[in-house]
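Lettering follows sequence order; numbering is per chain, from 1.
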Amino acid sequence: MLDLQFIRENIETVRNACRDKRAPVDLDGLLGMDRERREAIQKADQLKAERNRASEEIARMKKEKQDASGRIAAMKAVGDEIKGLDERIRAIEASMRELLIHIPNIPHASCPAGGPEANRVVKEWGTIPEFDFKVQPHWDIGPALGLVDFDRGSRLSGSNFIAYFGMGARLERGLINFMIDLHVQKHGYREVWVPSVVRREMMFGTGQLPKLEEDMYHCGKDDLFLIPTAEVPVTNLHREETFDGAKLPVLYTAYTPCFRREAGSYGSDTRGLVRVHQFDKVEMVKFVKPETSYDELESLLGNAEDVLQTLGIPYRVLCLATGDMSFAAAKCYDIEAWAPGLGRWLEVSSCSNFEDFQARRMNIRYRPEKSGKTEYVHTLNGSGLALPRTVIAILENFQTEEGTVVVPEALRPYLGVSELKPGM
RNA sequence: GGAGAGGUGGCCGAGUCGGCUGAAGGCAACCGCCUGCUAAGCGGUUGUAGGGGCUUAAACCUCUACCCAGGGUUCGAAUCCCUGCCUCUCCGCCA
C-alpha cells in the first residue's frame with residue numbers, strides 16, 4: 001500500500017507504476033474522494049468540538065441541578081448531523097481503501113522498463129556442462145532411479161502432485177536441512193517455524209490478496225488459506241509491531257510447504273517437477289531500516305546464490321523489468337538454474353525488496369535510535385531455494401552416462417551416499 | 001466441542017450509579033538540580049493517527065479521534081449493548 005500523501009504529490013509516478021504493472025486503478029477518482037473526505041472531516045471535527053463543549057456544559061448544569069433539557073434537545077440535531085458525516089467519511093474511506101489496495105508498488109529506478117523481454121541478465125555463474133552422451137530430462141531420470149513417482153502422486157491428489165520415494169524423499173529432506181543450515185550457520189539468519197495456513201488478513205498484508213485469490217487453496221469453513229510461500233506467515237509474524245531500531249536488521253529463514261493452484265497455467269511448463277501444486281521451499285525474510293534495504297537486497301541475493309554455488313549448479317541472475325515484477329515489489333532479482341535435460345533456465349529463486357509497501361499494510365514500524373519518531377521498516381524476502389527445480393537441476397546437471405546421479409559434495413553428509421543409483 | 005473469566009499508555013495497575021479521565025497511582029526512560037563516587041533525594045518531561053493553521057522545511061499552535069477491533073444506545077461511553085479476534089481456567093475429545 002502506498003502513502004496517500006505520496007500519491008497526492010507524485011500522481012504521475014503512481015500512474016506510471018499502474019501502467020507498468022498492468023493494474024488499472026481510477027486514480028483521479030481516488031483524488032476526488034480524498035478531497036471529499038477531507039472536507040467532511042473538517043465539518044465533522046468542527047461539530048464534534050461544539051458537541052464536546054456542550055457536553056461539558058450539560059454536565060455542569062446537571063451538577064448544579066439546573067434544567068439542561070433545552071441544551072440536550074439542541075444537541076440532538078448536532079449528534080445526528082455528526083452521525084451522518086461520520087457515516088459518509090466511513091463510506092468514502094472504504095471506497096478509497098478498495099482503490100488503494102489495488103495500487104501496486106512503485107518500481108525502483110534501477111529496474112529496466114518494459115515487459116519480461118526487457119529483463120536484464122546481470123550475472124552468470126558456473127559452466128554449462130557438456131555431455132558426450134544423450135542427456136535425459138529429470139522426468140526420465142527420477143522415475144528410473146525410483147526417486148519420484150508422478151503417477152501415484154496424481155492418484156492421491158490430482159495432476160501435478162507428486163510423491164517421492166526412498167532416496168528421492170531423503171534428497172528432499174536433505175536439501176531442506178542443507179539450505180537451512182547454510183543460512184543459519186553461514187549467513188546469520190534465525191530459523192523459524194510457522195503455520196502453513198493463515199487468515200485472510202495475512203494475505204492482504206503481504207499483498208497476495210486481493211489480486212491472487214484464484215491461485216490459492218482456501219478452506220472455506222474457517223476462511224483460512226494454504227500459504228503459497230513462507231513469505232506470508234513469516235513477514236506477518238511482526239504485524240502491528242514496532243521494532244527497536246538497534247535490533248534491526250532481523251533475519252529469518254524458514255522451511256514450509258507451499259501450495260499453489262496455478263489456475264490458468266495448464267498446457268505450458270507443467271511436465272515433471274517444473275510446476276507442481278505443492279512444493280517445499282526454504283525462504284529468507286528480512287526486516288531492515290529503509291536506508292539499508294538495497295544493500296540488504298544484494299546480500300540476500302548473495303545468500304540465495306550461495307546455495308547454488310555450494311551445490312555447484314550453474315545459474316544466472318536476472319534483474320526483472322518493471323512489467324515483470326510482482327505487485328508488491330520495488331525491485332526483484334530472479335535466479336535461474338540451468339537444466340541441461342530441458343535445455344533451458346529455470347527460476348529457482350526470487351529476491352525482492354518491498355520497501356515499505358508491505359510494512360504499511362501490516363503496520364510494522366521501528367523506532368530509530370536517534371529521533372524516536374517511528375517509521376515503517378522495509379521488508380525483503382527471497383527463496384533460498386525452491387526445492388523441486390533445485391532437484392531438477394541436480395538430477396540433470398549431475399547425471400552420468402550410466403543413468404546415475406552424482407551427489408554434490410555438500411549434500412553427501414545429508415544423504416549418506418555419493419551417488420544415486422537404481423534400487424536404493 | 002461445552003462452561004466461565006478477562007483484554008486500559010513502554011511496563012504494572014486504578015477507574016465508583018455513563019459527564020473536566022488521554023486517562024489516578026507506581027515503575028521505567030529522558031532532562032535539570034543536588035551530590036567525593038555510586039546510590040538516594042528534589043523538580044520537570046515522555047503515546048499514536050487524522051484534519052486545519054503557520055512555515056522553504058522542521059519546530060510550533062489548534063481541533064478531532066484512539067482505554068483489543070468493528071458496530072450500536074445516548075445530548076455525552078474506557079464505563080451500557082451486539083459482533084469479531086485474542087488470552088486464561090475448567091470439562092470433553094485427541095496425534
- request: Verify the neighbour count for atom CZ of A:R35: are there more than 12 heavy atoms of other residues, nucleotides or ligands below 6.0 Å?
  value: no
- line: Answer for the Watson-Crick or wobble partner of B:A14, both distances under 3.5 Å, is none
field: Nucleotide opposite B:U73 in a Watson-Crick or G-U pair, distances under 3.5 Å
entry: none
- line: Closest to the side chain of A:K48, out of B:U64, B:C75, B:U48, is B:U64
message: Could you tell me how far apart A:E39 (CD) and B:G50 (C1') are, to the nearest whole angstrom?
response: 16 Å
statement: In whole angstroms, the gap separating P of B:G47 from CZ of A:R367 amounts to 10 Å
- prompt: What interatomic distance, in whole Å, is found between P of B:G22 and the corresponding atom of B:U64?
  reply: 11 Å
message: Under 3.5 Å for both donor-acceptor distances, Watson-Crick or wobble: does B:G36 have a partner, and if so which one?
response: none
- line: Separation between CD1 (A:I313) and CG (A:N397), nearest 0.5 Å, reads 6.5 Å
field: A:K289 atom NZ, over 12 foreign heavy atoms within 6.0 Å
entry: yes
message: When you measure from the side-chain N and O atoms of A:R199 to the phosphate of B:C85, is any distance below 4.0 Å, counting only OP1 and OP2?
response: no
message: Looking at the base of B:G50, is there any donor atom on it, or on the side chain of A:D45, that sits under 3.5 Å from an acceptor on the other one?
response: yes
Residue-phosphate contact under 4.0 Å: A:N52 side-chain N/O, B:A65 OP1/OP2: yes
Any strand: nucleotide that pairs with B:U56 via Watson-Crick or wobble, under 3.5 Å: none
statement: Mate of B:C20 across any strand shown (Watson-Crick or G-U wobble, both atom pairs under 3.5 Å) is none
message: Both A:K76 and A:D3 contact RNA chain B. Which one's nearest nucleotide lies toward the 5' end?
response: A:D3
Among B:G51, B:C85, B:U73, the nucleotide that comes nearest once only the side chain of A:K83 is considered: B:U73
Separation of atom CZ in A:R60 from atom C1' in B:C75, rounded to whole Å: 15 Å
- line: Which of B:C75, B:C63, B:G51 is nearest the side chain of A:Q42? It is B:G51
task: Any strand is fair game: report the nucleotide pairing with B:C93 by Watson-Crick or G-U wobble, both distances under 3.5 Å, or none.
output: none
query: What distance, rounded to whole Å, do you find between the two P atoms, one in B:G43 and one in B:U48?
result: 26 Å
Gap between atoms OH and C1', on A:Y366 and B:G10 respectively (whole Å): 19 Å
- request: Between A:A49 and A:A73, just flag the one whose closest nucleotide in RNA chain B comes earlier from the 5' side.
  value: A:A49
- line: Here the distance between atom C1' of B:A49 and atom CD of A:E375, to the nearest Å, is 16 Å
message: Work out how far the P atom of B:U16 is from that of B:C27, and round it to whole angstrom.
response: 24 Å
Nucleotide nearest A:R90 (side chain, heavy atoms from C-beta), chosen from B:G71, B:G19, B:G51: B:G71
- prompt: Do any side-chain nitrogens or oxygens of A:R360 fall under 4.0 Å of OP1 or OP2 in B:A49?
  reply: no
- request: For B:G26 and B:C33, measure between their C1' atoms and round to the nearest Å.
  value: 23 Å
message: Do A:R15 and A:L27 have side chains that approach each other closer than 4.5 Å (heavy atoms only, starting at C-beta)?
response: yes
query: Who does B:C66 pair with, Watson-Crick or G-U, both distances under 3.5 Å?
result: B:G47
message: Using a 4.0 Å heavy-atom cut-off, does A:E56 contact any base of the nucleic acid, only the sugar-phosphate backbone, or nothing at all?
response: nothing
message: Could you tell me how far B:A23 sits from B:G10 if I compare only their P atoms? Round to whole Å.
response: 15 Å
message: Pairing check on B:G4: which nucleotide meets the Watson-Crick or G-U wobble criteria with it, both distances under 3.5 Å?
response: B:C88
message: If I pick the C1' atom on B:G15 and the same atom on B:A29, what distance separates them, to the nearest angstrom?
response: 26 Å
A:F243 CZ to B:G10 P, straight-line distance once rounded to whole Å: 17 Å
query: In this structure, are over 12 heavy atoms from other groups packed under 6.0 Å from A:E214 atom CD?
result: no
- request: For residues A:F287 and A:T235, determine if any side-chain heavy atom of one lies less than 4.5 Å from a side-chain heavy atom of the other.
  value: yes
message: Determine whether A:Y414 and A:L171 satisfy the following criterion, side chain to side chain contact (heavy atoms under 4.5 Å, CB included), listing intermediate values before the conclusion.
response: CA-CA 8 Å; A:Y414 295 91; A:L171 173 62; over 6 Å; no
query: Closer than 4.0 Å, any side-chain N/O of A:K62 to the OP1 or OP2 of B:G19?
result: no
query: B:U8 and B:C88: how far apart are their P atoms, nearest whole angstrom?
result: 14 Å
field: Any A:R53 side-chain nitrogen or oxygen under 4.0 Å from OP1 or OP2 of B:C63
entry: no
Sugar-phosphate only, base, or nothing, as touched by A:I41 at under 4.0 Å among non-hydrogen atoms: sugar-phosphate
query: Can you check the A:I72 CD1 to B:U73 P distance for me, whole Å?
result: 17 Å
query: Are A:R37 and B:G50 close enough that a side-chain N or O sits under 4.0 Å from OP1 or OP2?
result: no
query: Near A:R200 CZ, under 6.0 Å, is it more than 12 heavy atoms from other residues, nucleotides or ligands?
result: yes
message: Without decimals, in angstroms, what is the distance between A:R200 CZ and B:A69 P?
response: 23 Å
message: Under 4.0 Å from OP1 or OP2 of B:C75: is there any side-chain N or O of A:R71 that close?
response: no
field: Check against side chain to side chain contact (heavy atoms under 4.5 Å, CB included), A:D280 and A:E172
entry: CA-CA 8 Å; A:D280 291 318; A:E172 186 81 359; 2.7 Å; yes
query: For A:R51, which contact category applies under a 4.0 Å heavy-atom criterion: base, sugar-phosphate, or nothing?
result: sugar-phosphate
field: Distance between P atoms of B:C17 and B:G7 (Å, rounded)
entry: 16 Å
